[in-house]
Number of protein chains: 2
Amino acid sequence: MPINTVFEALSHPVRREVLSRLKAGPMSAGELAGHFELSKPTLSAHFAKLRDAELVTVERQGTSLIYHLNLSVLEDALKGLLDLTEKKP
Amino acid sequence: MPINTVFEALSHPVRREVLSRLKAGPMSAGELAGHFELSKPTLSAHFAKLRDAELVTVERQGTSLIYHLNLSVLEDALKGLLDLTEKKP
DNA sequence: CTCTTATTTCGTTGTTTCTCTAATTAGAGT
DNA sequence: ACTCTAATTAGAGAAACAACGAAATAAGAG
């Protein structure tokens, strides 16, 4: 959960869009993957980076894996960026 | 200035620290480079990415190049991240 | 015009990222 | 046990990244 891992995870547009879709609510890996024109293994790799950064959490439901957005880490990133704009640290 | 370029630029810790230092005020490339244990060519490449993303602007003063933080693009990134946390849009 | 200073560009090397297909694991149902 | 679906892991290749030393460029001083 080093902040560097978080920013690295946020650097790819596909991963940011995954987060954006999860904003609406938890979703399975397959359903998420259906929104992209990429192979499932490719998406799975993106999911792994998001998990590494703890930007998402995962929960198994039967054969499906349900991904959840982790707001708190996203807020850490937000704070990190805000620190770059504030004059006062 | 596509937002993707901005996030990509923000993904490296050295570049974020460069921005952080510029927060205090404009600074020359050499002075900036002095704060890192990296060669000048390496730093120059990082500066180029920041320029590409328009996160910094540059101004020549004699033989020196003075880098300035560009808050407005940083705010765009901030807004992009905020969009990932908000429930409403 | 030459010399010095400041910074970037060039050429190279090793590492990481992104993508794919093919093979594998995990769970549920028959 | 077998089979289906869901998802990940393994393996491979192209492209991009990050780092360096050496050479090139730009601007001012003498």
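Basis for what follows: all heavy atoms, side chains included, without hydrogens, waters or symmetry-related copies. Quantities reported herein were computed from a predicted structural model and do not represent experimental measurements. Each chain gets a letter, A, B and so on, in the order its sequence line appears, and its residues count up from 1.
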Would you say [N] has OP1 or OP2 under 4.0 Å from some side-chain N or O of [X]?
X: Arg60(A); N: dA7(D); value: no
X: Ser39(A); N: dT19(C); value: no
X: Lys40(A); N: dC20(C); value: no
X: Ser28(A); N: dA7(D); value: yes
X: Thr42(A); N: dC20(C); value: yes
X: His46(B); N: dA19(D); value: yes
X: Ser64(B); N: dT5(C); value: no
X: Ser44(A); N: dT8(D); value: yes
X: Tyr67(B); N: dT8(C); value: yes
X: His12(B); N: dA16(D); value: no
X: Arg51(A); N: dT8(D); value: yes

| said: Measuring only between side-chain heavy atoms, which start at C-beta, is Leu22(B) closer than 4.5 Å to Leu84(A)? | reply: no
| said: Side chain of Pro41(A) only, heavy atoms from C-beta on: which candidate in dA28(C), dT5(C), dA10(D) is closest? | reply: dA10(D)
| remark: Of the candidates dT8(D), dA18(D), dT9(C), the side chain of Leu65(A) sits closest to dT8(D)
| message | Please determine whether the number of non-hydrogen atoms from other residues, nucleotides or ligands lying under 6.0 Å from atom CD of Glu37(B) exceeds 12. | response | no
Using a cut-off of 4.0 Å on non-hydrogen atoms, how would the nucleic acid contact of [X] be classed: base, sugar-phosphate, or nothing?
X: Phe36(B); value: nothing
X: Gln61(B); value: nothing
X: Leu43(A); value: nothing

| field | Lys/Arg-Asp/Glu bridge criterion (N-O < 4.0 Å) met for Glu17(B), Arg21(B) | value | yes
Without decimals, in angstroms, what is the distance between [X] [atom1] and [N] [atom2]?
X: Ile66(B); N: dA6(C); atom1: CD1; atom2: P; value: 11 Å
X: Lys49(B); N: dT8(C); atom1: NZ; atom2: P; value: 15 Å
X: Leu50(A); N: dT17(C); atom1: CG; atom2: P; value: 14 Å
X: Asn4(A); N: dT17(C); atom1: CG; atom2: C1'; value: 15 Å
X: Phe47(B); N: dT9(C); atom1: CZ; atom2: P; value: 13 Å
X: Asp52(A); N: dC18(C); atom1: CG; atom2: P; value: 13 Å

| query | Are Val18(A) and Leu71(A) connected, step by step, through hydrophobic side chains (Ile, Leu, Val, Met, Phe, Trp, Tyr) whose heavy atoms are closer than 4.5 Å? | reply | yes
| request: For Ala29(B) and for Glu8(A), locate the closest nucleotide of DNA chain C by heavy-atom distance; then report the residue assigned to the nucleotide nearer the 5' terminus. | output: Ala29(B)
| remark: Rounding to 0.5 Å, atoms CG (Asp76(A)) and CZ (Phe7(A)) come to a distance of 9.5 Å
| message | Quick check for you: to the nearest 0.5 Å, what is the distance between Arg51(A) atom CZ and Tyr67(A) atom OH? | response | 4.0 Å
